[in-house]
Amino acid sequence: MRIGVYYTPLGRTALQVSRLCLGTLNFGVRTTKDDSFALMDEALARGINFFDTANQYGWQVYRGLTEEIIGEWFATGGERRDKVVLATKVFNPMSDWPNDQGVSARKMVASSEETLRRLRTDWIDLYQMHHVDRAAPWEEIWQAMEMLVQQGKVRYVGSSNFAGWHLVAAQEAANRRNFLGITSEQCIYNLISRHTEVELVPAAVEYGIGVLVWSPLHGGLLGGALRKLEEGTAVKTAQGRAMVALDTHRDTIAEYEKLCAHNGLDPAEVALSWTVSRPGVNAIVIGPRTQDHLEGAIRALDLQLSEDLLKELDRLFPPVGKGGPAPEAWAW
């Protein structure tokens, strides 16, 4: 075990993944190729063995760019590929053609081949459906996934942005085929967005599906957004999800930043520590642009939040309804 990084089985499997997962959404877009290489090297040196990407990442320049950058990094040697548990995704359109989107059998098989070529690897550790495809029956999905597993191109299957009942439907269909099925679900979950606690997390825990969290800082909103905007240092915080949510949550975020300052804590580290410690959560996907961001995320793993601070966080960011899983969240 490396200092500051801890490991956990991915869901009900024996695969060991780091509690921090290196997200690569910025690679090739906000982070140059050289800086991306440096971040991956540093993450691996610090014991982060779990990397997450998607076939579409880099779309602001061209689709597939991020996978290509990771593939170039693997090609530099040093057993990089063998040390990394690599997760990627399929669903989003890679062109305007009708069969180049979703998770049909044709799309998944073809997309996996393209992904393997871009990543310069022979296998994908975790192949995630990036979204629910309501047009694709589970029989078709699992037949294609079984074939990819049998061919050695995919080791485990994951989902992302599913509802709780989607996990149940998917896993029951896999069980009927005696197939391992879904091993992880990647969802948005943070102090601002707690709806996953009601149905999704309980379903995942019941079926032994690991929960991976994307946007644990809600696009940077929980990482000291107001201070950074005032200082003129905001980058990701000044756009997208964070700016939209800031219109609604400005007063709460101001109080949150004061609470963190009063306790001598960094807002980003508090938010990351809270999320990674939640029941059912295996790992949080972090998207650092710099090595300082990476260091802060590593420190968050060792940060112990006091009971008083946790109560204050629940007051500022209350859970859905009465809290806890459904139906108790809204019923007796």
Task: Approximate separation, where rounding is to 0.5 Å, of Thr31 OG1 and Met40 CE - done: 10.0 Å
Open item on the list: Distance alone, cut at 3.5 Å: any donor-acceptor contact between the side chains of Tyr256 and Glu312?
Closed with: no
Which pairs would a plain distance check flag for residues 163-174, meaning a side-chain donor or acceptor within less than 3.5 Å of a matching protein atom at least two apart in sequence or in another chain?
from   : atom 1 : to     : atom 2 : distance (Å)
His166 : ND1    : Ala163 : N      : 3.0
Gln171 : OE1    : Ile182 : N      : 2.9
Gln171 : NE2    : Asn175 : OD1    : 3.2
Gln171 : NE2    : Leu180 : O      : 3.0
Glu172 : OE2    : Tyr207 : OH     : 2.6

Open item on the list: As an exercise, state the distance from NZ of Lys89 to OG of Ser160, rounded to the nearest 0.5 Å.
Closed with: 6.0 Å
Task: Arg81 to Phe74, cation-pi by 6.0 Å centre distance and 45° axis angle - done: yes
Task: Spatial distance of atom CZ (Arg118) from atom CD (Glu113) [nearest 0.5 Å] - done: 11.5 Å
Open item on the list: Rounded at 0.5 Å granularity, tell me how far CD1 in Ile48 sits from OG in Ser18.
Closed with: 6.0 Å
- [ ] With side-chain hydrogen bond (donor to acceptor under 3.5 Å, both in side chains) as the test, would you mind laying out the steps for Asp302 and Tyr6 before giving the verdict?
- [x] CA-CA 9 Å; Asp302 289 319; Tyr6 304 97; 2.4 Å; yes
Open item on the list: Testing the basics here: between Ala271 and Leu222, what is the closest heavy-atom pair and its distance to 0.1 Å?
Closed with: CB-CB, 3.8 Å
- [ ] Measure from the side-chain N and O atoms of Thr76 to the backbone N and O of Trp73, and report whether any donor-acceptor pair falls under 3.5 Å.
- [x] yes
Open item on the list: Given 3.5 Å as the limit, does a donor-acceptor pair link the side chain of Asp133 with the main chain of Gly102, or not?
Closed with: no
TODO: Under the salt bridge (Lys or Arg N to Asp or Glu O under 4.0 Å) rule, collect the residues that match up with Arg177, sequence neighbours excluded.
DONE: Glu146
Task: Ionic contact status for Asp122 with Lys153, cut-off 4.0 Å - done: no
Task: Near-ring test Trp274/Phe317, centroid separation under 6.0 angstrom - done: no
Task: Non-neighbouring partners of Phe50 that pass ring-ring contact (aromatic ring centres under 6.0 Å, His included), sequence neighbours left out - done: none
Task: Rounded distance (nearest 0.5 Å) linking atom CD1 of Ile298 with atom CG of Leu294 - done: 4.5 Å
Task: side chain to side chain contact (heavy atoms under 4.5 Å, CB included) evaluation trace for Glu255 with Leu316 - done: CA-CA 8 Å; Glu255 193 171 351; Leu316 288 174; 3.4 Å; yes
Task: Trace of the side chain to side chain contact (heavy atoms under 4.5 Å, CB included) decision for Ile284 with Arg19 - done: CA-CA 6 Å; Ile284 53 174; Arg19 301 297 307 279; over 6 Å; no
Open item on the list: Distance alone, cut at 3.5 Å: any donor-acceptor contact between the side chains of Thr88 and Glu67?
Closed with: yes
Open item on the list: The test is side-chain hydrogen bond (donor to acceptor under 3.5 Å, both in side chains); show your working for Asn190 and Thr275 and say whether it passes.
Closed with: CA-CA 6 Å; Asn190 54 56; Thr275 306; over 6 Å; no
Identify all side-chain donor-acceptor contacts of residues 322-332 below 3.5 Å with residues at least two apart in sequence or on another chain.
from   : atom 1 : to     : atom 2 : distance (Å)
Lys322 : NZ     : Ala331 : O      : 3.1

Open item on the list: Just verifying a value: how many Å separate Glu257 CD and Glu230 CD, rounded to the nearest 0.5 Å?
Closed with: 9.5 Å
- [ ] Ignoring hydrogens and angles, state whether a donor on the side chain of Tyr57 or Asn26 is under 3.5 Å from an acceptor on the partner side chain.
- [x] no
Open item on the list: Could you check whether Arg63 pairs with Glu68 (Lys NZ or Arg NE/NH1/NH2 to Asp/Glu carboxylate O, under 4.0 Å)?
Closed with: no
Task: Heavy-atom closest pair, residues Ala144 and Val109 - done: CB-CG2, 4.5 Å
Task: Salt-bridge criterion met for Arg117 and Glu114 (N-O under 4.0 Å) - done: no
Task: side chain to side chain contact (heavy atoms under 4.5 Å, CB included) between Phe51 and Val85, worked out - done: CA-CA 6 Å; Phe51 290 12; Val85 176; over 6 Å; no
Open item on the list: Restricting to salt bridge (Lys or Arg N to Asp or Glu O under 4.0 Å), what partner residues turn up for Lys258, sequence neighbours left out?
Closed with: none
Task: Carboxylate-amine/guanidinium contact Glu231 Lys228, below 4.0 Å - done: no
Task: Distance-only polar pair, side chains of Asn55 and Thr115, donor-acceptor under 3.5 Å - done: no
Task: Verify same cluster id: Trp138, Tyr156 (apolar side-chain graph, 4.5 Å) - done: no
Open item on the list: If the threshold is 4.0 Å, N to carboxylate O, is there a salt bridge linking Arg46 and Asp41?
Closed with: no
Open item on the list: Going by salt bridge (Lys or Arg N to Asp or Glu O under 4.0 Å), name the residues that satisfy it together with Asp266, two or more places apart in sequence or in a different chain.
Closed with: none
Open item on the list: Side chains of Asn92 and Trp59 only: does a donor on one sit below 3.5 Å from an acceptor on the other?
Closed with: no
Open item on the list: Please determine whether side chain to side chain contact (heavy atoms under 4.5 Å, CB included) holds for the pair Leu212 and Asp52, giving the CA-CA distance in whole Å, both sets of side-chain angles, and the decisive distance to 0.1 Å.
Closed with: CA-CA 10 Å; Leu212 312 177; Asp52 177 73; 5.9 Å; no
